[in-house]
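Read the structure below first, then the notes.
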Number of protein chains: 2
Amino acid sequence: MKKLRREIIELLKAGNCTPRISTIASKLHSRSSTIHYNIKQLEKESAIRSYRAVFDYKKIDEGFCSFVLISLASGSYKDPDKIAEILSKYPQVESVDIITGRWELIIKVRTANMDEYYEFAKNLVAIGGVDKTETLNSIRQVKSEFTRAIN
Amino acid sequence: MKKLRREIIELLKAGNCTPRISTIASKLHSRSSTIHYNIKQLEKESAIRSYRAVFDYKKIDEGFCSFVLISLASGSYKDPDKIAEILSKYPQVESVDIITGRWELIIKVRTANMDEYYEFAKNLVAIGGVDKTETLNSIRQVKSEFTRAIN
DNA sequence: TTAAAAGTTTGAATATAATTCAAATCATGA
DNA sequence: TCATGATTTGAATTATATTCAAACTTTTAA
């Protein structure tokens, strides 16, 4: 992919988008200035965090998606936050949740392919405090947090 | 929450946003018309699917988040796609992935609170073909799809 | 119950930004 | 090298966001 396109994608992932006030206004049969005011309020109370693009990940070389369940070694058991912080730093890691039950963490990872995933996974074991992991590879994303698949 | 705000949020979840071309142009030391052209290309090849808002889910009454691992009864085992389709329809279901391993599906569910989650979970067992489920409740989202706040 | 305050809507004016397009430039492969 | 398609550019145009004071509505507290 062209360098410029990749750079644009990275900026669109991080935000750099904005609401279509007039479109929303007409869909809700309201005035632009009203919608503008209400959106600014939602932003002010941080209910809206940002605006970003949604991608077809296969088309931007991030087609391989896995969920990794992680249980921590007893030493760091008391502080899953720290491990979570470390994991959050990786660009391949889309989400990190601390959870109840048999596992302490679940992370969602996106890479171009299995090889790249394997490269990433090596980091996981290298992080001290990680005891066991179980990887669930997504073979089809039927719905993602952003949009439904159009088959 | 005000009805209008809720309606705005629903529209912002579904899209109704647009890239900030001039911001991107200046960040990349490029011209607006160049960025415009390249973004249109990305849209044309469907690499970009849409633009939408990212929320602080606690602030929009969707603060309770769970991952549900699902294994299917042997009858429908051959067609997890169908169950996945059904699950995708629920607005509480943020993502549906068909996965490899001990489970067939993993879904991410957002509700206002545990009670609402329980109401939703009753639907799960009612769907024929679902054998076992295991729920992982997120007690803290350390990282989610968003990374940056509003400019 | 009522008056004041706080919050919201409105329309018109203004400021910004997106879009268009033809010409120029660049990249590619025959 | 030439020819073709892809990309970039700048200027002109169009569309949209933003601002703001006034009107209106809802909430608060006395």
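Chain identifiers are assigned alphabetically (A, B, ...) following the order of the sequence lines, protein sequences preceding nucleic acid strands; residue numbering begins at 1 within each chain.
Of the side-chain N and O atoms in T34(A), one or more sit less than 4.0 angstrom from OP1 or OP2 of dT10(C). At dA17(D), none of the side-chain N or O atoms of H36(A) fall inside 4.0 Å of OP1 or OP2 (strictly under the cut-off). Residue K44(B) places none of its side-chain N or O atoms closer than 4.0 Å to OP1 or OP2 of dA6(D). An OP1 or OP2 oxygen of dA18(C) is reached within less than 4.0 angstrom by a side-chain nitrogen or oxygen of S22(B). Distances shorter than 4.0 Å separate some side-chain N or O of Y37(B) from OP1 or OP2 on dT7(D). The side chain of N38(B) contributes an N or O atom lying less than 4.0 Å from OP1 or OP2 of dT8(D). Distances shorter than 4.0 Å separate some side-chain N or O of R31(A) from OP1 or OP2 on dG11(C).
Taking atom CD1 of residue I24(A) and atom C1' of nucleotide dT9(C), one finds them 17 Å apart after rounding to whole Å. Nucleotide dT25(D) holds its P atom 17 Å from the NZ atom of K3(B), rounded to whole Å. One interatomic measurement links the two molecules: CD of E45(B) to P of dA6(D), which rounds to 12 Å at whole-angstrom precision. Atom-to-atom, CD1 of I21(A) to P of dT16(C) comes out at 15 Å; the value is rounded to the nearest Å. For the pair K2(A) NZ and dA6(D) P, the computed distance is 12 Å after rounding to whole Å. A straight line from CG of N16(B) to C1' of dT16(D) spans 15 Å, rounded to a whole angstrom.
The 12-atom threshold is not exceeded at CE of M114(A), counting heavy atoms of other residues, nucleotides or ligands nearer than 6.0 Å. Counting non-hydrogen atoms of other residues, nucleotides and ligands closer than 6.0 Å to NZ of K3(B) gives a total of 12 or fewer.
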Please tabulate, for the side chains in residues 117-128 of chain A, all donor-acceptor contacts under 3.5 angstrom to protein atoms that are two or more places apart in sequence or on a different chain.
unit_1	atom_1	unit_2	atom_2	d
Y117(A)	OH	T135(A)	OG1	3.0
E119(A)	OE2	K122(A)	NZ	3.3
N123(A)	ND2	F120(A)	O	3.4

> Do E116(B) and F64(B) pass the side-chain contact (heavy atoms from CB on, under 4.5 Å) test, and can you show the C-alpha distance, the side-chain angles, and the key distance before you say yes or no?
Replying inline: CA-CA 9 Å; E116(B) 269 195 25; F64(B) 193 79; over 6 Å; no
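Comparing T23(A) and Q41(B) by the nucleotide of DNA chain D that holds the closest heavy atom to each, the one mapping nearer the 5' end is Q41(B). Residue S30(A) is the one, among S30(A) and R20(A), whose nearest nucleotide of DNA chain C lies closer to the 5' end (criterion: closest heavy atom). Take the nearest nucleotide of DNA chain C for K40(B) and for I35(A): the residue whose nucleotide is more 5' is I35(A). Both R5(A) and S32(A) lie close to DNA chain D; mapped to their nearest nucleotides by heavy-atom distance, the more 5′-ward contact belongs to R5(A).
Remark on the helix from dT1(C)-dA30(D) to dA30(C)-dT1(D): inter-end axis angle 50°, axes from five-pair C1' superpositions, rounded to 10°.
Contact between S138(A) and I99(B) at its shortest, heavy atoms only, is CA-CG2, 3.9 Å.
When the nucleotides dG7(C), dC21(C), dA6(D) are ranked by their closest atom to the side chain of S33(B), dC21(C) comes out on top.
If you run side-chain contact (heavy atoms from CB on, under 4.5 Å) between I70(A) and each of I106(A), L87(A), I83(A), only L87(A) comes through.
Once rounded to the nearest 0.5 Å, the distance linking NZ of K27(A) with CD1 of I35(A) reads 12.0 Å.
For S71(B), the side chain to side chain contact (heavy atoms under 4.5 Å, CB included) test picks out W103(B), E104(B), D131(B), K132(B), with sequence neighbours left out.
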